[in-house]
> 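I'd like to ask some things about the structure below.
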Amino acid sequence: MARRSTPLLRRLLAPSPSPSASTPLAGAVSRRTVTYMPRPGDGAPRGVTLIPGDGIGPLVTGAVRQVMEAMHAPVYFETHEVRGDMPTVPAEVIESIRRNKVCLKGGLATPVGGGVSSLNMQLRKELDLYAALVNCFNLPGLPTRHDNVDIVVIRENTEGEYSGLEHEVVPGVVESLKVITKFCSERIAKYAFEYAFLNNRKKVTAVHKANIMKLADGLFLESCREVAKKYPGIQYNEIIVDNCCMQLVAKPEQFDVMVTPNLYGNLVANVAAGIAGGTGVMPGGNVGQDHAIFEQGASAGNVGNEKIVEKKRANPVALLLSSAMMLRHLQFPSFADRLETAVKRVIAEGKYRTKDLGGTSTTQEVTDAVIAKLG
């Protein structure tokens, strides 16, 4: 099986003992190399729909564009202006994403109340981006309370409490419906186990509140259990969402891949991001069968922070790492590795960091530092 061959591959890649100077092999290359075998046409530049978004969005998406140009990445951007206070996502934006199949997006501010629907939700439903993925991990050189954190939160993205089905029964009484279906629950569970299988992950944890919502979350758990039986090589367990949050704060290293309904995933991903270094450094994306949108992984609560925008001190790290995820999605692994390595080197060095990471650097200074580390 592909997953079980990974240890063997690591042994093949490991440096062999250095030959002595007296042997004929002295000075020869002592490590085997596995190369990426592209298909004809894989190197053709790919179009990517770019939505700068609100607030800090133009700053961080601008940073990504500069880095992509500096590394000569085989992508080009189709830029569309979308604001969070628009009633709907413009049709030409949806058409661009359908055509390119990939989008990079800055944060879109969703007005609180007022009956204005979230454009983020509109995009997810229109394109059926059913899986939201956030990777929360320790970055070398960035001090955190916990070490050995490497959590992937996979969240169902199209139903649950975010279905948007609300109405006022009588004045002063509002009913909000939580919709859970077997189809969507099985689909997200299968995605989580497939992700774990393909990335050599050892465990999948289902997060729920089935002790109270016995039918809705019970159906979600039932679906996860059925899918888990098809992956005997991956450990499966379950945890109630409130205990999950406590365990994340106390002992986050126990978690590997987490699969959740919609609302719980939003909460859990933000807790995990805060533990691992903050929302400014956590990459993420939303993916469906045919399309994907990459953006800052955890809640972009600083999207509308006017002080950050005025001083141009937004942290571009999260979107840069999300762009590396995008490059892998587009099958440009070497470019993704270069970008990710450069970002990690800047963080490890510690000279250029924005305020949220304890520094004073501007967005441009961090961007220039990443470009300098591209090599």
> Taking all atoms of both residues into account, what is the closest heavy-atom pair of Phe332 and Gly43, and its distance?
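Looks like CE2-CA, 4.4 Å.
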> Mind checking what makes side-chain contact (heavy atoms from CB on, under 4.5 Å) contact with Asn148, not counting sequence neighbours?
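Once residues adjacent in sequence are excluded, the partners of Asn148 under the side-chain contact (heavy atoms from CB on, under 4.5 Å) criterion are Glu253.
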> Give the minimum heavy-atom separation between Ala269 and Cys136, together with the two atoms involved.
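So the minimum-distance heavy-atom pair works out to O-SG, 3.8 Å.
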> Once side-chain contact (heavy atoms from CB on, under 4.5 Å) is applied, do any residues pair with Glu310, and if so which ones, sequence neighbours excluded?
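Per chain and number, Glu310 pairs via side-chain contact (heavy atoms from CB on, under 4.5 Å) with Glu306.
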> If we ignore angles and hydrogens, is there a donor and acceptor under 3.5 Å between the side chains of Asn286 and Tyr130?
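No.
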> Can you find a side-chain donor-acceptor pair between Asn138 and Thr144 that sits under 3.5 Å?
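Side-chain D/A pair, Asn138 to Thr144: present.
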> By side chain to side chain donor-acceptor pair (under 3.5 Å), which residues pair with His167, not counting sequence neighbours?
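Counting only residues at least two positions away or on another chain, His167 forms a side chain to side chain donor-acceptor pair (under 3.5 Å) with Glu175.
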> Are side-chain N/O atoms of Thr181 and Glu159 paired as donor and acceptor at under 3.5 Å?
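Yes, a side-chain donor-acceptor pair sits under 3.5 Å.
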> Run the side-chain donor-acceptor check on residues 100-108: report pairs under 3.5 Å with partners two or more places apart or on a different chain.
from   : atom 1 : to     : atom 2 : distance (Å)
Asn100 : ND2    : Thr49  : OG1    : 3.0
Asn100 : ND2    : Glu78  : OE1    : 3.2
Asn100 : ND2    : Ser96  : O      : 3.3
Asn100 : ND2    : Ser96  : OG     : 3.4
Lys105 : NZ     : Asn120 : OD1    : 2.8
Lys105 : NZ     : Glu295 : OE1    : 2.7

> Out of curiosity, Asn315 CG to Thr279 OG1, how far, rounded to the nearest 0.5 Å?
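Answer rounded to 0.5 Å: 8.5 Å.
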> Do any pairs count as a ring-ring contact (aromatic ring centres under 6.0 Å, His included) and have a residue in residues 38-79, sequence neighbours left out, and if so which ones?
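Matches after skipping sequence neighbours: none remain.
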> Does the salt bridge (charged side-chain N to carboxylate O under 4.0 Å, His left out) test come out yes or no for Asp150 and Arg201, once each step is laid out?
CA-CA 10 Å; Asp150 186 7; Arg201 296 278 183 158; 3.1 Å; yes
> Using the ring-ring contact (aromatic ring centres under 6.0 Å, His included) rule, collect all pairs that involve residues 249-297, keeping only residues at least two apart or in two chains.
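The answer is Phe294-His329.
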